[in-house]
Amino acid sequence: MRSAPSYLLSFAAVAMFSGGAIAYSGENLASQAKITMEQATAIAQHARPGKVTDKELEHEGGGSGLRYSFDVLAKGVTYEVGVDAVTGKVLENDREGKNPD
């Protein structure tokens with residue numbers, strides 16, 4: 001019997017220890033949020049249907065000061081959608097600028 005390639009075993013170990021979820025930038029701030037990443041993603045995709053290409057949780061002015069930021073690709077254009085991590089309110093839903101953050 002052949003054993004699984006080492007890269008598959010490494011991937012399985014990472015998935016097992018991370019709960020199968022892919023980490024995102026700012027995940028260490030999640031304990032301060034009342035809205036989960038999954039809830040915020042659903043809110044962002046309702047506000048701007050498309051494919052989420054990047055996501056993060058960050059301190060930023062406006063709202064509660066803690067927001068989830070998503071890059072959403074819709075019809076060939078990237079939009080930045082910001083969701084307040086405390087209230088779930090959409091704070092931003094605009095075309096990504098020339099200097100994305």
Side-chain angles (χ1 to χ4, degrees):
M1 176 186 271
R2 295 177 62 192
S3 62
S6 61
Y7 67 88
L8 288 178
L9 295 174
S10 296
F11 178 77
V14 168
M16 182 176 71
F17 288 114
S18 67
I22 296 173
Y24 55 90
S25 176
E27 190 171 18
N28 59 315
L29 300 172
S31 65
Q32 298 172 36
K34 291 188 178 179
I35 305 296
T36 67
M37 175 58 85
E38 291 76 19
Q39 292 168 319
T41 301
I43 293 166
Q45 289 189 308
H46 184 264
R48 178 66 65 184
K51 178 181 176 163
V52 173
T53 59
D54 190 34
K55 55 188 174 182
E56 66 182 319
L57 178 58
E58 61 188 343
H59 287 289
E60 191 166 316
S64 69
L66 185 63
R67 79 166 58 181
Y68 291 100
S69 292
F70 300 92
D71 287 347
V72 179
L73 182 61
K75 298 180 182 177
V77 177
T78 300
Y79 294 86
E80 184 166 355
V81 181
V83 177
D84 191 292
V86 175
T87 67
K89 180 180 177 185
V90 176
L91 301 172
E92 180 179 14
N93 187 357
D94 297 314
R95 185 178 215 149
E96 182 77 89
K98 292 180 183 179
N99 300 312
D101 42 22

Which atoms form the tightest heavy-atom contact between Pro49 and Ala74, and what is the distance?
O-CB, 3.4 Å

Does any non-hydrogen side-chain atom of [Y] lie less than 4.5 Å from one of [X]?
X: His59; Y: Leu29; result: yes
X: Val83; Y: Phe70; result: yes
X: Glu56; Y: Tyr24; result: no
X: Arg48; Y: Glu92; result: no

Measure from the side-chain N and O atoms of [X] to the backbone N and O of [Y], and report whether any donor-acceptor pair falls under 3.5 Å.
X: Tyr68; Y: Val81; result: no
X: Asn93; Y: Ala47; result: yes
X: Gln45; Y: Ala42; result: no
X: Asp71; Y: Glu80; result: no

Stepwise, does the side chain to side chain donor-acceptor pair (under 3.5 Å) test hold for Glu38 with Thr41?
CA-CA 5 Å; Glu38 291 76 19; Thr41 301; over 6 Å; no

Shared hydrophobic cluster, Leu66 / Val90 (ILVMFWY, side-chain heavy atoms < 4.5 Å):
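In one cluster with Leu66: Val90, yes.
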
Answer yes if Met37 and Val72 sit in the same cluster of Ile, Leu, Val, Met, Phe, Trp and Tyr residues linked by side chain heavy atoms under 4.5 Å apart, and no otherwise.
yes

Do Glu58 and Ser25 meet the criterion of a side-chain donor-acceptor pair at a distance under 3.5 Å?
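Side-chain D/A pair, Glu58 to Ser25: absent.
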
Report the C-alpha distance between Val86 and Ile35 in whole Å, list the side-chain angles of each, state the deciding distance to 0.1 Å, and finish with yes or no for side-chain contact (heavy atoms from CB on, under 4.5 Å).
CA-CA 6 Å; Val86 175; Ile35 305 296; over 6 Å; no

At what distance, to the nearest 0.5 angstrom, does CG of Leu73 lie from OG1 of Thr53?
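One gets 6.5 Å once the value is rounded to the nearest 0.5 Å.
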
Under the side-chain contact (heavy atoms from CB on, under 4.5 Å) rule, what do Glu27 and Leu57 come out as? Steps first, then yes or no, please.
CA-CA 6 Å; Glu27 190 171 18; Leu57 178 58; over 6 Å; no

